[in-house]
Amino acid sequence: MTAATDQLAAPRTTVRRPPPTSKNRYALTRTLKYAGLIFFLLIVLIPVYVLLVTSFKGTGDADPSRAWAFPQIWTLDNWATAWTALAPSILRSVAVVVPSAIIAAFLGSLNGFVLARWSFRGANIVFTVILFGMFIPYQAVMIPLTQLVLDLGIPTGVPTLILLHVVYGIPITTLIFRNYYATVPHELIEAARVDGAGMLRTYWSIVLPISIPSFVVVLIWQFTSAWNDFLFAVFFSSSQNGPVTVALNNLANGALLQNYGVSMAGALFASLPTLLVYIVLGKYFVGGLMSGSVKG
């Protein structure tokens, strides 16, 4: 009786579950993170899916009401037509993009080095004036820019577009290189001066070889900007001597799309070079940006 009474009178102990360990919390966080990334990836890839599927559809099959459906008959005629129409303009785009990116990168590197490591009176004012060019909308200067190009007598098409992309690329390239060169140890520059190296010698022998990360960033940036440009191309070129963006617009007939399949195939052709550049050099692009973000 006493044992039974004591057993009834004894307080009940509640069994509590142990708190989740840090390992379980990490696994849950990682799962949610990847689920969110996959969700946003699917949202981004939806237009790509519509482009790709429509590019394989025939004329009667490529209809907005069947945008999500697979082609009834798969065909490569759209790709052949788009390539025939865009191939010359793609070559002209390459002729514009490659020299403009290289020249703008080299000039921005020189500017960044002088402004970051070869200080002179008024350097900050000069840097501010150069950066001011980044904030001027292209549309605001298009009329005087057109008159300037006409006065200079530069042929329209590839030569004019190279000049414009170089000039408008100098502010952003100068900013990137100046931030990167600010992280270069000051002792390295002083050692070159002590050895008798001047500004150009120091740049060519000491600074330029360690500038590869910033050059990758700038070249990718300039390549993408020049390749995707449409405003300059419309004003300073034509369908006969213009880049791929003008030819793609003509292929789509402006707002009146006559053949969705050909237009989609052409859009994929036009976007493929920049896509390949980011796939191949994407990690170097991020690494180059981070290399100049923190001063060491």
Side-chain angles (χ1 to χ4, degrees), residues 38-98 100-101 138-139 156-158 160-162 164-165 168-169 219-282 285:
I38 292 174
F39 173 75
F40 287 110
L41 178 63
L42 292 176
I43 293 178
V44 172
L45 291 179
I46 285 175
V48 179
Y49 165 78
V50 175
L51 280 171
L52 189 61
V53 170
T54 307
S55 67
F56 291 102
K57 295 180 179 179
T59 304
D61 195 16
D63 187 83
S65 61
R66 301 191 69 257
W68 299 97
F70 284 105
Q72 295 177 350
I73 299 177
W74 294 78
T75 178
L76 293 175
D77 294 341
N78 297 328
W79 290 83
T81 303
W83 175 254
T84 302
L86 298 181
S89 60
I90 289 177
L91 295 178
R92 288 193 293 267
S93 289
V94 173
V96 171
V97 167
V98 173
S100 62
Y138 293 175
Q139 297 84 350
T156 59
V158 174
T160 299
L161 294 177
I162 291 175
L164 295 177
H165 287 302
Y168 274 88
L219 290 175
I220 294 176
W221 183 280
Q222 284 298 108
F223 180 92
T224 306
S225 300
W227 187 276
N228 294 331
D229 169 69
F230 181 69
L231 185 62
F232 284 157
V234 168
F235 271 82
F236 300 101
S237 67
S238 62
S239 58
Q240 288 74 31
N241 59 7
V244 68
T245 50
V246 175
L248 182 61
N249 180 71
N250 295 333
L251 182 67
N253 292 324
L256 302 175
L257 292 176
Q258 308 243 341
N259 193 328
Y260 289 100
V262 175
S263 300
M264 300 301 180
L268 289 172
F269 269 129
S271 60
L272 187 60
T274 54
L275 180 63
L276 292 177
V277 166
Y278 274 106
I279 291 176
V280 175
L281 301 176
F285 181 79

For W227, the option from P243, P273, S271 that meets side chain to side chain contact (heavy atoms under 4.5 Å, CB included): P273
Closest approach of Q222 to S100 (non-hydrogen atoms, all atoms of both residues): NE2-O, 4.4 Å
Reported OH-to-CG distance for the pair Y168 and D229, which is rounded to 0.5 angstrom: 11.0 Å
S55 side chain to L52 backbone, donor-acceptor under 3.5 Å: yes
Qualifying residue for side chain to side chain contact (heavy atoms under 4.5 Å, CB included) with F56, from T75, N78, L76, D77: L76
Passing candidate, side chain to side chain contact (heavy atoms under 4.5 Å, CB included) with F223, options N228, V97, V94: V97
Side chains of L251 and V262 in contact at under 4.5 Å (non-hydrogen atoms): yes
Closest contact, heavy atoms only, L86 versus A247: CD2-CB, 3.6 Å
Pairwise distance CZ(F232) to OG1(T245) - rounded to 0.5 angstrom: 12.0 Å
Gap between atom CD1 of I220 and atom OG of S225 - 0.5 Å precision: 11.5 Å
Side chains of T224 and Y278 in contact at under 4.5 Å (non-hydrogen atoms): yes
side-chain contact (heavy atoms from CB on, under 4.5 Å) between W68 and V53, worked out: CA-CA 8 Å; W68 299 97; V53 170; over 6 Å; no
Polar side-chain atom of N241 near backbone of S238 as donor-acceptor pair, under 3.5 Å: yes
Pairwise side-chain contact, Y49 with L42, heavy-atom cut-off 4.5 Å (strictly under): no
Reported OG1-to-CD1 distance for the pair T274 and I279, which is rounded to 0.5 angstrom: 9.5 Å
Atom of S239, atom of N250 and distance for their closest heavy-atom approach: CB-ND2, 3.1 Å
Contact summary for H165 and V96, nearest pair of heavy atoms: CD2-CG1, 3.8 Å
Nearest heavy atoms of L248 and G266, plus distance in Å: CD1-C, 3.5 Å
W74 and F70 aromatic ring geometry - parallel, tilted or perpendicular at 30°/60° bounds: tilted
Neighbour count >12 (heavy atoms, 6.0 Å) for atom CG, L276: yes
Flag side-chain contact, heavy atom, 4.5 Å: L91 against P88: no
Exercise: identify the closest heavy-atom pair between L219 and A101: CD2-O, 3.6 Å
Residue pair L268, L272: steps toward the side-chain contact (heavy atoms from CB on, under 4.5 Å) verdict: CA-CA 6 Å; L268 289 172; L272 187 60; over 6 Å; no
Side-chain (K57) to main-chain (Y260) donor-acceptor, under 3.5 angstrom: no
Any Q72 side-chain heavy atom under 4.5 Å of R66 side chain: yes
Distance (rounded to the nearest 0.5 Å) between I38 CD1 and L45 CG: 11.5 Å
